[in-house]
Asks: 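Questions regarding the structure given below will be posed in turn.
All figures in this text were calculated on a predicted structure; none of them were measured in a lab. We name chains A, B, ... by the order of the sequence lines, and we start the count at 1 in each one. We use all heavy atoms of the structure for the numbers below, so side chains are in, but hydrogens, waters and symmetry mates are not.
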Amino acid sequence: MANFQKLTPRSEDYSKWYNELVVKADLAEQSAVRGCMVIKPYGYAIWETIQQELDRRFKQQGVKNAYFPLLIPKSFLSREAEHVEGFAKECAVVTHHRLMNDPNGKGVVVDPNAKLEEELIIRPTSETIIWSTYKNWISSYRDLPILCNQWCNVMRWEMRTRLFLRTAEFLWQEGHTAHATKEEAEDYARTMLDVYADFAEKVMAIPVVKGVKSPNERFAGALNTYCIEAMMQDGKALQAGTSHFLGQNFAKSFDVQFLSKENKYEYVWATSWGVSTRLMGALIMTHSDDNGLVLPPHLAPIQVVFVPIFKEQSQLDAILAKMNPIIDNLKAKGIRVQVDASDKSTPGFKFADYELKGVPVRLAMGGRDLESGTIEVARRDTLTKETVTLEGIEERIEGLLEEIQANIYKKALDFRIANTREVNSYEEFKEEIQKGGFLLCHWDGTPETEEKIKEDTKATIRCIPLADLPGHKNEPGKCMVTGKPSAGRVVFAIAY
RNA sequence: CGGGAUAUAGUUCAGCCCGGUUAGAAUGCCUGCUUUGGGAGCAGGAGGUCGUGAGUUCGAAUCUCGCUAUCCCGACCA
């Protein structure tokens, strides 16, 4: 460990810092397949907690989990015109169902006689297969609403990939609901947005802006796309979740009608909503520092690590005898504690390693503490440590975890507020956008203007906020590019 | 898909220009001793068909050509 290499500092190369951190913190690594990652146990443990927390919240909204097939008949995808347009260029296609020994040599080749009658698409999203199924489930208004979610993998053949942020295969959940009325569907799409925002802020400690996507950024096949947008430490925006009001588009494409109370056939109204392993990227880029990952306690697989410092076995025994009851009490409070008494590495190594892995609270006890009845408590978010007495240590740690959770949220919110500013002229915009952050600007509401801004600056409208951002009162004005009337300021940023 | 680069030990890389016994280093791994309050030290050990296919040559990690893969920049990306 003599030549231990530190992470590349964020200030030097943010992108490099991110890539190194993901690998060194043991979250994920590149696989043998281009663009597809291996999520390692430590990273997957975080994802599992994300899943559990979200799943619980979904179920509170009446959602039930189900599972639909990985493969979608090619013809399904093209039923909804905009939908296929949006996804066609990044689909993986299954064309054959059998291999055979290579007649000319070693190995196997695709058996040309095993060509599929109709090609199958590996799902990039499941609206089509689900709506073809819902057709069979729905005949009366009494069958509605249907509120289904599935946790699964999807595949989008991206040209360039980055661990967690954009991978060819990724894990996500996709909710698909069917409703009798437009109002109910719209409300539900909004409700799920609130669920996502609440989860992001309370569990992940990531402040988000709730908003509506402009037509350019809307989901392929949706009438309206709601989203939560987060700001990363480099000032770029990251879409952390979306909830779509699909109108009757998919019901019409798949002929899903129900008989109403009035005995009339009507098309079903739909929503879909999802978050993915991209949230892991958001988590990393919101909180972490040059020493490694910083995890919010609510998500940390290990919330508290205890490192005994000992010279010989008898000393370790004495330390553990003192600490075991405390550790049991912490566990009884539901706190995830890990004891690292291994002699594989020195305490110094362990300290650095648990910092790299983002463990919120570290406890250390050695010979000195044993004599004085104290313990060292170190917190990851501030990198500070103090030596305290053992009295009431459990409550102290319990409180500290909540304090850290609140602190990193506040830190991220302060950062976002400090990097959100109003810009009024396009000249100023072109200059300011290069500095990063969210720019609140007036826009005339046309796709043409948004397109021009994107061409000039790479910035896009991240969302039209649903509420005022802290410190900014939204009022009508004039588009910064065309001077035409604008209903209110929208959020511009350069996005991941 | 355009431009650039790379491919040698688990990992990061040196060696290649100028071909020549047994391909090196660091780190990681294994064993032993000593250590342990911020990334320990010493000694010993295991580990490589040099991406792949052909060519040149008495001889190729090294030179030539093809192929493949990966990375970076761009284009693309709800």
Asks: Starting at the 5' end of RNA chain B, which residue's closest nucleotide do you reach first, A:Arg218 or A:Leu383?
Replies: A:Leu383

Asks: Quickly work out the A:Gln30 CD to B:A69 P distance and round it to whole Å.
Replies: 16 Å

Asks: Between N or O atoms, less than 3.5 Å apart, protein on one side and nucleotides 30-37 of chain B on the other: list the pairs.
Replies:
residue	atom	partner	partner atom	Å
B:U36	O4	A:Lys311	O	3.3
B:G37	O6	A:Gly366	N	3.3
B:G37	O6	A:Gly366	O	3.1
B:G37	O6	A:Gly367	N	2.9
B:G37	O6	A:Arg368	N	2.5
B:G37	O6	A:Asp369	N	3.0
B:G37	N1	A:Gly366	N	3.4
B:G37	N1	A:Asp369	OD2	2.4
B:G37	N2	A:Asp369	OD2	2.9

Asks: When all nucleic acid strands are considered with a 4.0 Å heavy-atom cut-off, which category describes A:Arg278: base, sugar-phosphate, or nothing?
Replies: nothing

Asks: Could you check how far CD of A:Glu90 sits from P of B:C1, rounded to whole Å?
Replies: 16 Å

Asks: Side chains of A:Thr8 and A:Asp13: do they bring a donor and an acceptor to under 3.5 Å?
Replies: no

Asks: Hey, could you give me each pair passing salt bridge (charged side-chain N to carboxylate O under 4.0 Å, His left out) that has a residue in residues 340-361 of chain A? Not counting sequence neighbours.
Replies: A:Asp340-A:Lys350, A:Asp353-A:Lys357, A:Glu355-A:Arg362

Asks: Are the side chain of A:Arg190 and the backbone N or O of A:Ser243 linked by a donor-acceptor pair below 3.5 Å?
Replies: no

Asks: Would a distance-only check, ignoring hydrogens and angles, find a side-chain to backbone donor-acceptor pair under 3.5 Å from A:Asp289 to A:Gly292?
Replies: yes

Asks: Tell me what A:Arg166 touches on the nucleic acid: a base, only sugar-phosphate, or nothing, going by heavy atoms under 4.0 Å.
Replies: base

Asks: Indicate yes or no for a side-chain donor-acceptor contact from A:Asp369 to the backbone of A:Gly366 under 3.5 Å, with no hydrogens or angles considered.
Replies: yes

Asks: Is the NZ or CZ atom of A:Arg10 both under 6.0 Å from the centre of the six-membered ring of A:Tyr14 and within 45° of that ring's axis?
Replies: no

